[in-house]
Every structure is written in structure tokens, then in C-alpha cells.
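Working notes, structure below.
Letters A, B, ... are given to chains in the order of the sequence lines, protein chains preceding strands, and every chain is numbered from 1.
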Amino acid sequence: MATVEIRNLVKQYPGAAKAAIPNANLTIDDQSFVVLVGPSGCGKSTLLRMIAGLEEISGGELLIDGQRMNDLSPKDRDIAMVFQNYALYPHMSVYENMAFGLKLRKFSKAEIDNRVRAAADILDMKELLDRKPKAMSGGQRQRVAIGRAIVREPKVFLFDEPLSNLDAKLRVQMRVEIKRLHQRLKATMVYVTHDQVEAMTMGDKIVVLKAGVIQQADSPMNLYNNPANLFVAGFIGSPSMNFGRGTLVAQDKTLRFVNSALDFQIPASLADTLVGQVGKEIIFGFRPESIYDICFPSGKTLTEPQRITIDVTEPIGSETFLYFSLQDQVCCMRTLSDSQYQPNQTIDVGFDTERLYFFDPQTEQRIG
Amino acid sequence: MKRLQFQKFIFYAVLLLMTTVYIGPFIYQFFISISQSKDVFGDPVKLLQPPNWTFQNYANVWVDLPFKQWLFNSLFITLVQTIMNVFFSALAGFVFARLTFPGRKFLFGLLISSLTVPVIILLVPKFIFMNNLRLVNTYAGLILPNLITITNIFLMKQFFETIPKDLEEAALIDGCSYFRIFWQIFLPVSTPALAAVAIYTFQGSWNEFLWPVTLAITSDKFTLPVGVGFLKNQFQSDWPLLMAGTLLITLPTLCIFLVFQRYFVQGVAASGGKE
Amino acid sequence: MPQPSTRQRDMITIAWLFLGFPLLLIGLFVFFPIGYSLFISFFDWNLVTNQRTFIGLANYTRLFSDSLFWKSTGNTILYTIGVVPIQTFLALFLAFVMNQKIRGRSFFRAAFYIPAITSSVVTSTLFIALFSKQGLINQLFGLENDWLTNPNTAMLTIMANNIWTTSGYFMVSFLAGLQSIPNSLYEAARIDGASTWQQFWKITVPMVRPVTYFVLVLGLIGCFQVFDQIFIMSAGGPVNSTTTLSYYVYVNGFKYFKLGYAAAAAIVLAVLIFSANQVQNRYFKPEVD
């Protein structure tokens with residue numbers, strides 16, 4: 001088992017004006033499950049492929065278990081990878097697909113057989129061993145791809161968006177299965193996805209990337225509760241955080257957030273950190289679940305009532321989302337499913353004072 | 001509804017007419033080839049009457065002419081060229097599709113641009129070259145220039161490019177060298193493309209006329225097309241014999257086509273490499 | 001520039017290992033001959049006496065003052081202009097028909113393709129029979145014309161032969177292109193009220209433009225080089241009405257053994273093809289998105 005260390009890693013494609021990854025630093029602990037997440041083109045796959053050895057490293061160092069890997073070819077890094085399109089050899093049976101890497105490493109026939117059968121057992125696909133990939137469903141193929149990684153018993157498992165070709169139901173099922181596999185194998189796993197729900201549910205640690213830069217690396221709940229900047233705040237959570245621009249105003253020894261739609265007092269706990277921003281423009285963020293209708297008891301300390309007009313209601317069964325506009329910005333509010341809201345209805349709401357987020361519009365960093 | 005049926009009728013009438021235009025001549029050819037009388041241009045209806053039929057012309061082609069020798073020459077040359085073309089175009093196609101090395105783009109561009117150069121321009125130099133090597137009127141001279149065809153390299157490259165990159169990377173991680181990726185992964189999944197290249201080459205080599213007619217001087221080195229072209233001048237009045245000979249030449253390509261029809265049509269556009 | 005990794009070094013080694021022999025062959029039998037052709041076009045070189053004299057551009061000046069050369073050039077261009085548009089349109093039309101829901105599709109497809117896989121020697125011989133004075137064509141249409149010995153119709157007959165053989169070949173190219181057009185486009189057109197014929201002109205033709213371009217380029221290169229059919233069917237006659245440039249090169253090189261002169265004519269043909277391609281690129285090349 002292994003730790004992976006990334007030190008000042010750079011990826012510069014020849015001829016490209018900007019580095020795809022300017023300078024990445026990250027430590028992946030032994031036996032941890034780390035998810036790299038971000039929108040497409042953020043460099044998450046590039047980073048993974050650099051760990052795998054499929055992309056050249058332009059600068060910095062990659063260490064696995066303290067050993068420098070930069071110049072080793074993929075086969076010498078003791079890693080295994082599961083691809084988005086499964087990448088099964090179409091002319092080989094499931095058994096041969098799994099055995100291929102071991103054969104090339106000159107394992108004995110008996111050992112290969114042991115490992116393949118054990119992996120087939122874990123993944124519950126013993127009866128598929130003689131099949132060709134063509135004769136299998138997407139989910140089965142993905143199992144084989146995972147099996148091919150398992151039999152190698154590598155130091156590090158790499159997953160490159162392995163579930164994005166599966167339908168929604170199967171995706172949830174495989175998610176649980178991979179998670180269980182991690183608990184069982186106790187291996188270091190690095191997992192790339194663009195789906196923040198997948199990231200939240202699977203990772204011990206989530207690394208959020210944007211434009212080749214690591215925005216924040218933390219546990220799922222910390223990311224959710226304490227996003228470091230505007231991007232992470234907006235990216236993590238579904239439906240995503242609502243934002244509105246406004247100004248901080250000092251009034252009667254208190255601070256207020258003011259724009260054309262909102263006007264409320266900032267709680268004392270935040271006022272101290274924000275006092276430097278008085279008179280400046282600021283971005284206010286709140287999650288759909290931290291805004292409450294004042295007509296019902298919420299058990300939270302709320303800000304003063306703000307009046308909003310509901311545009312659209314969206315019942316999804318377990319809950320209902322209300323959409324309304326604040327300064328032309330569509331915002332979302334979560335309510336119980338038995339609430340009887342109607343479009344065009346006007347209601348008074350308050351924000352949970354414990355859950356207010358403020359960002360600097362220039363640096364986009366969180367300031368409170 | 002009536003109008004629709006009328007449209008359908010017109011459609012099938014056109015289809016039938018086209019079919020007649022395209023295969024009618026071969027049927028005409030067949031009936032001439034089994035005619036007893038050498039006077040085949042009298043009344044075409046006579047050709048269709050069974051009492052006038054005979055297969056003697058085929059026997060004559062086989063026995064009286066150096067047909068067996070030409071058949072051997074054609075088969076030998078075509079087979080060697082087909083096998084080598086499949087092999088070489090797979091190698092070169094793999095390189096151009098999957099490996100990066102300095103000069104790759106330039107080299108490939110050079111190969112492709114040479115496709116517009118007329119073959120006739122190569123004829124004189126190739127002949128002088130063969131003449132200097134004393135290879136005129138030899139099998140080696142007939143075979144060597146067509147062991148590799150640039151279009152085949154192009155076809156294989158196109159096909160290999162449809163094989164997902166993941167497959168190659170999975171193999172790299174599994175521990176394959178590039179040679180092994182080519183041999184154990186790419187070749188086995190490329191049978192449709194290899195078959196297409198083989199079929200195209202077979203057909204091209206089998207039907208090739210310009211080079212053998214230039215290089216083969218004596219009858220014992222003629223290929224079938226050259227031989228039949230030669231017969232045409234010798235036996236212009238013996239149409240049944242001539243038609244029997246030309247029909248025999250057509251048979252191998254026809255059979256291959258009918259058996260492997262799907263490769264012609266799907267051919268290289270096929271997605272055999274995709275899962 | 002960082003040091004190439006082992007993986008890159010592997011690639012380079014394998015690349016040259018794989019390419020070595022094919023490139024050698026292509027060099028010997030394609031690139032060397034191209035250069036050598038240019039070289040000998042400056043010589044008076046007789047294959048029989050094997051005498052070689054440098055004569056500069058004399059072969060070219062002689063060529064340009066030979067009326068038969070100009071006639072061959074004219075014949076070649078006429079042939080190309082006659083054949084390419086018809087074969088292209090016919091190929092597209094056949095492909096369109098083949099792409100409809102018809103019974104026995106593979107039979108019809110095979111029927112149209114068979115002339116394309118048949119040796120040019122065979123189809124040419126067959127055409128001599130069909131178009132001879134007492135041949136089937138005259139009998140069917142009640143004509144008395146001896147197509148191949150009549151200077152007015154010899155070229156037409158050879159053009160017909162080429163159209164007949166290549167249209168089925170290019171049909172397959174078009175068929176692949178047609179199959180990549182999503183069916184929903186046709187369904188949308190049908191809902192909009194387009195007839196089959198309108199669908200052909202308004203959807204099929206524009207959608208297969210890249211294939212059309214490819215077929216036009218290949219067709220043009222092929223037509224400019226026509227040789228086999230001329231050799232078998234007419235030997236350039238009657239009264240040189242079917243002498244094309246390729247045939248002209250062949251006759252000068254291998255009948256009169258004027259190698260330098262033949263090479264010069266071949267170079268001119270190459271230039272002609274190259275220029276025609278440039279024109280095509282300029283006016284017909286579909287934009288790549």
C-alpha cells in the first residue's frame with residue numbers, strides 16, 4: 001500500500017500558451033480514497049494520467065511511497081487503472097482480459113488462476129469468465145475492468161470517470177460497490193469524476209480543481225460547510241449555492257448586507273471579520289436549505305424577514321424546490337414536500353445566520 | 001394510396017433497368033462463351049437456344065492456350081503482393097495512427113501527396129530500374145513494385161485511429177511494449193480492416209494491367225489480363241473462346257466479392273475496434 | 001526541451017523499425033521514379049541503343065510543337081470532363097436508391113458493384129463485343145454504327161465503359177456517407193412535406209458533400225490517367241481520336257523507345273493533374289468544421 005505525493009507538478013503541452021497544470025501540490029495518504037473533481041477541462045484527468053504515466057510530467061515530482069516516478073513507464077509504477085470506456089480487449093474473454101497483465105509479468109499459471117478467480121468472486125462475476133466483452137452489459141464490462149485492476153494488486157488504483165457511461169441506477173449501485181471494495185482491499189485509490197455527488201459520496205478526501213489549479217482539498221463535509229472560495233461553494237452541493245451581489249453598510253454599530261432585493265443585519269459572529277469590507281461590494285451566498293419561511297418554526301436563528309415572489313415550484317417528491325429571482329438571479333429554496341406554495345405567491349423568508357457565506361468579488365475568496 | 005403504388009412501380013422499374021445495364025453485359029458474355037457457332041453476332045435470340053450451347057470453349061481455353069501458366073503467374077504474383085501489402089500496411093498504418101515521433105506528419109503528408117502523381121510517370125523510370133537490375137520479364141520484377149500501396153497504409157491508419165486510445169493505455173499499464181500492443185491488441189481486433197485491405201489488394205493485383213504488360217515480354221511471364229489482352233489480338237474472330245477466357249478471369253474476384261461482400265461495403269468504415 | 005522519456009524512445013525505435021521496409025520500397029518505386037522521370041526528361045535517351053545525351057528542354061519544346069501531343073491532351077481533358085460528372089452523379093443516385101428500404105438490397109448492390117471489380121481488360125473486351133458492328137447494342141437499337149472504328153463515337157464508347165465500371169465503385173463510397181446521415185433528418189423533412197426527390201436534393205446531396213469532393217478528386221485523377229481501356233479497345237485510334245496522354249507516353253516510351261521524350265510527356269500530365277486538383281481544392285473543397 002502506498003502514499004502518493006505530488007510536488008510542484010507541472011503539465012505544459014507543447015505549443016500551448018498556458019500550462020494545463022501550472023503547479024500542483026497534493027498528498028494522497030495510504031489507504032485513502034481521494035476524488036479529483038471539477039468541470040470538464042479542469043485538469044483532473046491530466047493529473048490522474050500523470051500519476052499513471054500516460055502523460056509526460058513537464059516539471060515537479062511525483063512520488064509513490066517516497067520513490068520518484070517521473071521517468072518510469074506506466075508498467076513499472078505498480079498502478080492499475082480503470083477507464084471510462086472500460087478499455088477491455090475485445091478479442092479476449094473476461095478471464096484473459098484479467099490475466100493479461102499478470103501473464104506479461106510472468107506470473108505462474110496457478111497464481112494467475114488464483115487471483116483471477118478471487119477477483120471474480122469479489123465482483124460476483126464467476127459465471128462471466130468465458131464471455132467476450134461484446135456479449136456483456138455496460139455494468140458487467142465495468143466490473144471486468146475493475147477486476148483487471150484488482151488482480152494486479154497494485155499499490156495505487158486509478159479510476160478515470162469509470163461510471164459516467166452507466167445509466168443512473170447502475171451508477172448508484174456501482175458507486176456503493178467501489179466504496180465497499182475500497183473498504184475491503186484497503187488500497188490507495190484515486191478517482192476522477194465531474195459529478196460532485198459522486199465525489200461527495202465516495203471520497204475520504206475531495207480535491208476540487210479548476211483550470212489546472214487545486215482550489216481546495218478536504219473532507220466532503222468540510223468542503224460543503226467551509227468552501228474556500230466562490231468556485232468551490234458553487235460547485236459542491238446540489239442544488240448549488242445561491243449568490244447575490246450587494247454592499248456592506250455600517251449602521252448603528254452593526255453591519256448590514258444591502259442590495260435592491262435584500263437588506264439584513266449580519267450576525268455579530270461574522271461582523272468582526274467583515275468590518276474591513278464596509279462600503280465595498282461583496283458577494284453573499286446561501287444554500288437552498290438554509291433559507292426558511294418565517295411562518296413555520298425552523299429552530300434556527302434567522303435574519304430579518306425578506307420578501308420574495310415565487311416564480312416556479314418544483315416538487316420532486318421528498319421535498320419541493322421553490323425558485324425565485326433576486327436581482328435577475330435565479331435562486332432556489334428547499335421546502336418540505338407537503339407545503340402548498342403557488343407560483344406568484346409572495347412569502348417572507350429568513351436566512352439561517354449560522355450559514356451565511358461572503359466572498360470578495362475580486363479575488364473570489366471567501367471572507368466570511 | 002394509388003399514387004404511392006404507382007411510385008413504387010416506377011421505382012422498381014428504374015431499379016430493374018439499372019440492374020440490366022450493370023449485369024446484362026455479363027450475361028451476354030456468358031451466352032457468347034457457350035455458343036457453338038463462331039458467328040455470335042447474328043441473331044441474339046439464337047444464343048439463348050439450348051441446342052446451340054457447348055462448354056467446349058472453356059475446355060479449349062484450358063487446353064489449347066497457355067492459360068494454366070498465366071493462371072499460375074497471376075495467382076503467384078497476386079498472393080505474394082496481397083500478403084505483403086496486408087503486413088506492411090498494418091505496420092505502417094499503426095505507426096502513423098498511434099506513434100508520435102519527429103517527422104511523422106511530414107512523412108505522412110509526403111506519402112499522401114504522392115497519390116496524385118500519375119502512375120504513368122513512374123513507368124519509364126521503373127522500367128529502366130528493372131532493366132538495370134536485369135529484372136525485366138521476371139517474377140521479381142513483376143512483384144516488387146507493388147508490395148506496398150500507399151492507399152492501403154492510409155486505410156489501415158484510418159482504421160487504427162478508430163480504436164479507442166484507452167485500449168492502448170490499458171495495455172501500457174498492463175505492461176505491454178509498443179510491439180506487443182501492435183501484435184497482441186491491434187492486429188487481433190483489426191481483422192475487418194485487414195480483410196478489406198487483403199480483398200482490395202487481391203482485386204487490384206489480379207486486375208493490374210499496365211505494369212505486367214510493360215514488363216512481361218514473353219508469354220510464359222504473362223498474367224491473365226495481359227494474356228487475354230494478347231489473345232484479343234490473336235483470336236479476334238473467335239468470340240466464344242475470348243469470352244470464355246475473360247469470364248474465367250473474372251471468376252476469382254467475383255467469388256471473393258460475393259463471399260466477402262460485407263467487407264467491401266463496411267470495409268474500413270467498419271467500427272470493428274469499437275466495443 | 002526535457003529529455004525524451006523511455007516511452008517516447010520506445011515509440012521512435014518501433015516507428016522506424018516498422019516503417020523501414022515499407023518506406024524503402026516506396027522510396028524505390030514511387031519517390032525515386034518521380035525524381036528520375038524529371039531527370040531523364042532532359043535527355044535524349046534511346047532504350048535500344050542505350051545512348052544518353054543531355055538536351056535540356058528540347059524534349060519539352062518538341063512536345064509542345066507536336067500536334068498529336070496537343071490532340072492527346074485535348075482528348076484526355078474531354079474524356080475527364082465527360083466521365084467525372086456522370087460517374088459521380090450516377091454513383092450518388094445508385095447509393096441513394098440502395099439506401100432506401102428495398103427488398104433484395106444486397107443483390108442489387110452486388111449487381112452494381114460487379115463491373116467495378118472486373119478487370120479492365122475483361123470489361124474492355126466485353127465492350128468491343130457489345131459495341132461492334134453486329135453487336136448487341138446495334139441490334140437492340142436498330143443501328144448500323146461501328147462504334148469503335150468510327151472516330152466520332154470511339155471515345156464515347158470508352159467513356160461509357162469507364163462510367164459503367166466506376167459508378168458502382170463510387171456508389172460504395174457514397175453509401176458509407178449516406179449511412180452516416182441521421183434518419184431523423186429525413187423524418188423531419190417528411191413531416192415538412194418533402195417528396196423523395198426533394199429529400200434527395202435538399203438533404204442527401206448537401207449532406208454528402210465531403211464524400212462528393214473525395215469522389216470528384218479520385219475520379220479526376222483516375223480519368224486523367226486512363227490507359228487500359230484505350231490499349232485494349234482502340235489502341236488510340238481511329239485517327240488518334242482516342243489517344244490520351246497516358247497512352248501517348250506509353251507509345252513513345254515502349255513502342256518508339258524514346259524514354260526522355262515519354263518522361264517529359266508524363267511530367268506534363270502530372271502538372272496537368274496537379275493543376276486540376278488545385279482548381280478542385282479551390283472551388284469544391286467542403287469547409288471543415
Q) How long is the span from the CZ atom in A:F83 to the NZ atom in B:K165, to the nearest 0.5 Å? A) 10.5 Å
Q) Given a strict heavy-atom distance threshold of 4.5 Å, which part of A:R148 is in contact with chain B: side chain, backbone, both, or neither? A) side chain
Q | Contact check, side chains of A:M92 and B:I185, non-hydrogen atoms, under 4.5 Å | A | yes
(Q) A quick test of your reading: do over 12 heavy atoms of other residues, nucleotides or ligands sit less than 6.0 Å from CZ of B:F87? (A) no
Q: Against chain A, label B:Q184 side chain, backbone, both or neither, depending on which of its atoms sit under 4.5 Å from a heavy atom there.
A: both
Q) Does B:A171 offer a backbone N or O that forms a donor-acceptor pair with the side chain of A:Y89 under 3.5 Å? A) yes
Q) Given the options A:L102, A:L158, A:L54, which has more heavy-atom pairs under 4.5 Å with chain B than any of the others? A) A:L54
Q | Heavy-atom pair of closest approach, residues B:D174 and A:R105 | A | O-NH1, 2.6 Å
Q) So which heavy atom on A:P74 is nearest to which on B:I173, and how close? A) CB-CG1, 3.9 Å
(Q) I'd like to know whether CD of A:Q67 has more than 12 heavy-atom contacts from other residues, nucleotides or ligands below 6.0 angstrom. (A) no
Q. Can you name the nearest heavy-atom pair linking B:G175 to A:K75, along with the distance?
A. CA-CB, 3.3 Å
Q. Going by heavy atoms in the side chains, are A:L104 and B:C176 under 4.5 Å from each other?
A. yes
Q | Minimal non-hydrogen separation, B:V189 against A:P90, with atom names | A | CG1-CG, 3.4 Å
